[in-house]
Asks: 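I am attaching a structure below and will ask some questions about it afterwards.
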2 protein chains.
Amino acid sequence: MKRVSSFGNVDLLFEGGIVLSSIREVARLAKVSPATVSRVMNGTAAVAPETRKRVLAAIEETGFIPNEVARSLFKKSAKTIGLIIPSIRNPYFTQLAGIIDELAGKEGYRIFLCNVGGDLEKEKAAIQMLVAMNADGVILASGNQEIQSFLSGCPIPVVALDMMVSAEVVEACVYCDYYQGGRLAMEHLLECGCQNIVCIRGPQKIFSARQRYEGYRDVCRERGIPEQTVDCDYDFLSGLAMTEKLLECYPQVDGIIASNDIVAISIYKILHKKNITVPDRIQLIGFDGIDLSELMSPELTTVCQPIEDMAKTALDVVVRQKENFEKETEYILPVSLAIRETTKRRGREQ
Amino acid sequence: MKRVSSFGNVDLLFEGGIVLSSIREVARLAKVSPATVSRVMNGTAAVAPETRKRVLAAIEETGFIPNEVARSLFKKSAKTIGLIIPSIRNPYFTQLAGIIDELAGKEGYRIFLCNVGGDLEKEKAAIQMLVAMNADGVILASGNQEIQSFLSGCPIPVVALDMMVSAEVVEACVYCDYYQGGRLAMEHLLECGCQNIVCIRGPQKIFSARQRYEGYRDVCRERGIPEQTVDCDYDFLSGLAMTEKLLECYPQVDGIIASNDIVAISIYKILHKKNITVPDRIQLIGFDGIDLSELMSPELTTVCQPIEDMAKTALDVVVRQKENFEKETEYILPVSLAIRETTKRRGREQ
DNA sequence: CCAAAGGATGAAACCCGTTTCATTACTTTA
DNA sequence: TAAAGTAATGAAACGGGTTTCATCCTTTGG
């Protein structure tokens with residue numbers, strides 16, 4: 001019913017489907033050697049037009065698809081790049097993954113997505129697996145600094161995305177000016193008239209979260225404002241829980257800096273549920289600039305990261321690492337403020 | 001700096017990192033044959049305790065990681081299952097992917113996610129690639145019926161998820177009772193007092209969208225209500241555009257059935273922007289029951305699909321297809337109504 | 001007209017983990 | 001004590017595409 005039908009010695013199928021046959025079968029059919037078939041397929045050497053035609057016909061007839069595994073084994077390259085992310089449920093990472101996937105496709109690479117969920121062991125296993133699979137490189141966006149020591153001696157190039165890892169163990173780091181982002185968020189809330197701002201910090205072992213917090217903290221210090229923080233993970237469940245806590249601890253709050261957009265959305269949910277109006281009673285700002293931040297109602301004011309540029313840069317480093325002579329080891333991209341509906345000031349920037 | 005250091009003939013690295021070395025090197029170091037090393041690693045045959053210890057020590061010393069590609073080539077199995085989805089940006093599919101990934105991991109399989117974006121050629125290429133990679137099976141959730149004819153003779157098992165494909169070409173189909181979902185949505189809006197309901201249909205070439213529409217349509221017919229429909233894709237951009245159109249064509253509308261949750265969210269955004277209150281002036285219901293439907297404010301009333309069960313069922317069929325004797329070819333799962341805040345009636349169900 | 005150069009092609013090695021099959025050594029049974 | 005059986009292990013083949021190297025044939029230059 002769905003197995004390949006056998007026809008003589010050659011597996012054939014006539015209904016436009018997929019067939020398994022080997023290069024040797026094709027060769028036999030075309031009355032050439034496997035080497036010649038390989039040359040025709042890859043254009044790696046001149047083949048007489050007459051021969052080429054016969055080979056092409058044989059490929060057509062058998063529906064031959066070259067076995068990628070055999071190719072990978074010899075070439076020591078699977079034309080695959082691993083993308084390690086902490087959560088496939090976080091729209092920020094799926095947006096990133098979507099862009100990287102598309103760009104990689106154009107360069108002839110596949111993306112192997114590894115969802116490690118903040119688990120260090122899973123992350124190590126993912127890297128080992130990618131190495132064992134002859135992947136050509138890794139884009140590491142797990143956010144977990146602890147992986148660093150494990151990376152030394154990794155035989156395939158690794159580029160850290162959204163995290164700061166020593167240039168000793170990775171090809172390069174690509175991240176944003178999170179610190180500036182933290183400052184921007186705080187300064188914006190102040191400009192909007194907030195008197196009582198609380199910063200919901202992401203996990204401090206994550207570089208972006210730490211830097212954002214430090215931006216916020218430094219503005220506080222410069223202006224003599226006491227810090228008010230709550231700790232929170234980068235996911236919505238944590239966001240919901242921490243918002244409850246925040247309202248308990250800081251009932252006077254009139255401005256909230258969320259650890260990222262998805263947390264901002266969950267904060268908004270709680271505020272909405274409690275009939276606390278945004279931005280009238282409390283103003284709210286997020287980080288990341290995911291699609292959803294603009295899709296939610298009201299639209300979320302947020303500090304945008306150039307997701308597309310980050311994806312492009314990271315991929316570029318991995319793909320072109322061999323040919324890079326004077327390579328950068330650090331790409332720091334600028335962030336920008338998107339003033340929308342959860343803060344009061346109508347700004348110049350969109 | 002990051003290359004593996006060479007030590008004698010054996011590649012070594014002392015800092016806990018990753019190393020490339022072959023089974024033959026390990027064998028040489030342990031003074032055994034590669035076969036014995038393989039037997040120690042896989043437990044495929046008895047090895048003398050003394051020998052085993054030497055081999056283990058050699059593996060430890062070299063940091064040897066068996067090459068998955070070589071293993072896949074021989075075994076004709078990559079311990080990998082392909083998951084083909086139309087969009088990695090749609091939370092429904094990432095939620096699905098997350099669950100499948102987790103379950104597959106427990107069974108010793110990797111998931112290779114293929115984002116084909118509704119492009120038939122990309123989808124064909126993805127399937128060919130999976131075959132060429134010695135994948136063990138495919139979970140096909142692209143929604144695109146047209147792929148059907150391409151599937152015949154596919155040498156690896158395919159299970160269709162969220163779509164209806166002939167049992168001739170797939171191992172099984174797993175989907176929900178979308179028709180019932182369509183009815184449920186319509187009946188609920190009627191119960192909530194809507195007089196002027198518009199159905200925003202998903203692409204009619206997609207099975208779920210067609211079935212949902214037919215559920216809606218049949219309720220209309222049974223009650224003598226004239227149909228009012230607008231066509232829309234399954235993404236938020238389309239949702240935004242179509243809502244504008246809807247409001248133009250049907251200014252009297254007081255109930256909207258969205259093609260899915262993400263479209264419902266974008267509908268809400270437009271309504272909110274136009275100061276049309278939900279559910280007072282217009283009531284709104286979605287399909288899918290993604291996390292986000294509950295996270296948005298107000299919480300979205302929606303027809304939930306048992307995403308977890310679907311994932312589990314699909315994976316089970318693929319993994320266990322060889323041992324299935326009397327196999328089902330169709331798994332139809334029930335949907336359920338989650339009455340939340342975008343419709344008026346406070347229902348029994350949560 | 002012969003040598004050198006170039007083009008087309010095939011045989012065989014290669015990538016590396018797995019498995020079969022044969023061999024050796026030793027134990028058990030008759 | 002011989003025959004039969006068993007455990008441990010290695011040599012070699014295998015999987016399938018790629019590449020090197022040698023070979024053969026044709027063309028070009030002297």
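Residue numbers start from 1 in every chain, and the chains themselves are labelled A, B, ... in the order their sequence lines are given, proteins ahead of strands.
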Asks: Would you say the base of dG10(D) and the side-chain of Arg39(B) have a donor-acceptor pair closer than 3.5 Å?
Replies: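 Indeed, a donor on one side and an acceptor on the other fall under 3.5 Å apart.
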Asks: Under 4.0 Å, counting only non-hydrogen atoms across every strand here, what does Val47(A) touch: a base, just sugar-phosphate, or nothing?
Replies: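 Touches sugar-phosphate only.
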Asks: Which part of the nucleic acid, if any, lies within reach of Ala48(B) when heavy atoms closer than 4.0 Å are counted: base, sugar-phosphate only, or nothing?
Replies: sugar-phosphate
Asks: Which residue pairs pass the side chain to side chain donor-acceptor pair (under 3.5 Å) test with at least one member in residues 44-57 of chain A, sequence neighbours excluded?
Replies: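 Non-adjacent pairs meeting side chain to side chain donor-acceptor pair (under 3.5 Å): zero.
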Asks: Which angle, rounded to 10°, do you find between the first-five-pair axis and the last-five-pair axis of the helix from dC1(C)-dG30(D) to dA30(C)-dT1(D)?
Replies: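 Overall, the helix from dC1(C)-dG30(D) to dA30(C)-dT1(D) bends by 50° from one end axis to the other.
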Asks: Enumerate, atom names and distances included, each donor-acceptor pair closer than 3.5 Å involving a side-chain atom of residues 137-147 of chain A, sequence neighbours excluded.
Replies:
residue   : atom : partner   : partner atom : Å
Ser142(A) : OG   : Glu123(A) : OE1          : 3.4
Ser142(A) : OG   : Glu123(A) : OE2          : 2.5
Ser142(A) : OG   : Asn144(A) : N            : 3.2
Asn144(A) : OD1  : Glu146(A) : N            : 3.0
Gln145(A) : NE2  : Met164(A) : O            : 2.7

Asks: Taking salt bridge (Lys or Arg N to Asp or Glu O under 4.0 Å) as the cut-off, I'd like each qualifying pair that reaches into residues 150-167 of chain A, sequence neighbours left out, listed once.
Replies: none
Asks: Which distance, rounded to the nearest 0.5 Å, do you find between the CG of Leu73(B) and the CZ of Phe74(A)?
Replies: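 If I round to the nearest 0.5 Å, the distance is 13.0 Å.
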Asks: According to side-chain contact (heavy atoms from CB on, under 4.5 Å), who are the partners of Thr329(A), at least two apart in sequence or on a separate chain?
Replies: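 side-chain contact (heavy atoms from CB on, under 4.5 Å) list for Thr329(A), sorted by chain: Ala167(A).
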Asks: With sequence neighbours excluded, tell me which residues meet side-chain contact (heavy atoms from CB on, under 4.5 Å) with Glu60(B).
Replies: none
Asks: For a quick test of reading the model: is some side-chain N or O of Asn42(A) closer than 4.0 Å to OP1 or OP2 of dT18(D)?
Replies: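 Answer is yes, contact under 4.0 Å.
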Asks: What are the bounds, 5' to 3', of the part of DNA chain C that sits under 4.0 Å from heavy atoms of chain B?
Replies: dC16(C) to dT20(C)
Asks: Would you kindly give the CZ-to-P distance between Arg28(A) and dG17(D), to the nearest whole Å?
Replies: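 In whole Å, dG17(D) P and Arg28(A) CZ are 13 Å from each other.
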Asks: Looking at Ser38(A), does any N or O in its side chain come under 4.0 Å of the phosphate oxygens OP1/OP2 on dT19(D)?
Replies: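 Result: no.
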Asks: Kindly state which residues belonging to residues 66-77 of chain A come within less than 4.0 angstrom of DNA chain C, counting heavy atoms of the residue only, listed by number.
Replies: Leu73(A), Phe74(A), Lys76(A)
Asks: Any side-chain donor paired with an acceptor under 3.5 Å for Ser72(B) and Asn134(B)?
Replies: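 Their side chains do not contain a donor-acceptor pair, so the 3.5 Å distance test is not met.
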Asks: Applying side chain to side chain donor-acceptor pair (under 3.5 Å), can you list everything that pairs with Asn42(A), at least two apart in sequence or on another chain?
Replies: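 Listed in chain order: Ser38(A), Arg71(A).
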Asks: Is there any salt bridge (Lys or Arg N to Asp or Glu O under 4.0 Å) pair reaching into residues 101-116 of chain B, and which pairs are they, with sequence neighbours excluded?
Replies: Glu68(B)-Arg110(B), Glu107(B)-Arg320(B)
Asks: Nearest-Å distance, CZ (Arg24(A)) to P (dC14(D))?
Replies: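 For the pair Arg24(A) CZ and dC14(D) P, the rounded distance is 11 Å.
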Asks: Could you state the NZ-C1' distance from Lys53(B) to dA8(D), rounded to the nearest angstrom?
Replies: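 Those two atoms, NZ and C1', are 17 Å apart.
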Asks: Could you tell me which residues satisfy salt bridge (charged side-chain N to carboxylate O under 4.0 Å, His left out) with Arg89(B), sequence neighbours excluded, listed by chain and number?
Replies: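 Partners of Arg89(B) by the salt bridge (charged side-chain N to carboxylate O under 4.0 Å, His left out) criterion, ordered by chain and then number, come out as Asp291(A).
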Asks: Only pairs under 3.5 Å count here: list side-chain donor-acceptor contacts from residues 111-118 of chain B, not counting sequence neighbours, and write none if there are none.
Replies:
none

